[in-house]
Amino acid sequence: MLSESMLARLNTQINLEFYSSNLYLQMSAWADNHGFEGSAAFLRAHAAEEMEHMQKLFDYVLETGGMPVLGTIEAPKVEYEGLREIFEETLAHEKHITAAINDLVATAFESKDFSTFNFLQWYVAEQHEEENLFSSVLDKLNLLGDSPKHLFFFDREVGKISHDEAEDTP
Ligand SMILES: [Fe+2]
Ligand SMILES: [Fe+2]
C-alpha cells in the first residue's frame with residue numbers, strides 16, 4: 001500500500017517519463033526533417049523506451065492499489081540549432097531524470113517503503129545506462145566535429161546504435 005505522498009511522487013515520475021518520450025519523439029521529427037535519419041531513428045527508438053519506463057511505473061502504482069493519474073504534459077520545444085543542441089539537451093535531460101529518481105529512492109527509503117525502494121532499483125540501473133549512452137553519443141560528436149561532412153558520419157554512427165540496440169532486444 002502506497003502512502004499518499006509516495007503515490008503523488010510516483011505519479012509525477014509517470015508524467016516525467018511521458019514528457020521524456022514526447023521530448024525525444026519531437027527531437028526525432030526535427031532530425032528527420034533535417035536529413036539526419038540515423039539520429040531520428042535513435043531518438044524515436046528512445047522515445048519508445050521512455051514509454052516503457054512510464055508503463056512500468058503505471059503498472060507498479062496499479063499493483064500497489066494506487067491510481068495512476070496522467071496530468072498535463074508540458075509541450076517540448078520544436079526548433080533546434082542543430083544536432084549538437086539536441087544531444088547536449090538529451091544528456092542534460094537524462095541527468096535531470098537521474099536526480100528525480102534519486103530523490104524518489106531517498107524518499108522511499110526514509111519513509112521505510114522498501115517495496116517501492118526495491119522497485120526503483122531498476123530505474124537506478126537504467127539511468128546509469130542511459131546517461132552512459134547519451135554521453136557516449138555526445139563524445140562521438142565532439143570527436144568528429146560539427147562540419148556538414150562530419151555530421152553526416154556522426155548521424156550514420158548514431159543510427160547504428162539504435163540498430164544494434166534493437167538487435168539486442170529479445
Ligand atoms: Fe526514462
Ligand atoms: Fe531516459
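These numbers come from a predicted model, not from an experiment. Order of appearance sets the numbers: ligands from 1, and atoms from 1 within every ligand. Counting begins at 1 with the first residue of the sequence.
There is no side-chain donor-acceptor pair under 3.5 Å between H53 and S20.
Distance alone, capped at 3.5 Å, is enough to place a donor-acceptor pair between the N11 side chain and the V69 backbone. Checking side-chain atoms of D32 against main-chain N and O of E37 turns up no donor-acceptor pair under 3.5 Å.
For residue E49, no N/O/S atom approaches the Fe ion (ligand 2) to within less than 2.8 Å. For the Fe ion (ligand 2), the N/O/S atoms of E17 include none lying under 2.8 Å. Under 2.8 Å from the Fe ion (ligand 2) lies no N/O/S atom of E126, from backbone or side chain alike.
Taking the six-membered ring where the residue is Trp, the centroids of Y60 and Y123 are separated by 6.0 Å or more.
Here the N, O or S atom of E94 that is nearest to the Fe ion (ligand 2) is OE2. When distances from the Fe ion (ligand 2) to the N, O or S atoms of E130 are compared, OE1 comes out shortest. Nearest to the Fe ion (ligand 1), among the N, O or S atoms that H53 has, is ND1. Counting just the N/O/S atoms of E50, the one with the shortest distance to the Fe ion (ligand 1) is named OE1.
Taking a cutoff of 4.0 Å between a charged side-chain nitrogen and a carboxylate oxygen, R84 and E88 qualify as a salt bridge. The residues E89 and K77 are annotated as salt-bridged, a charged nitrogen and a carboxylate oxygen being separated by less than 4.0 angstrom.
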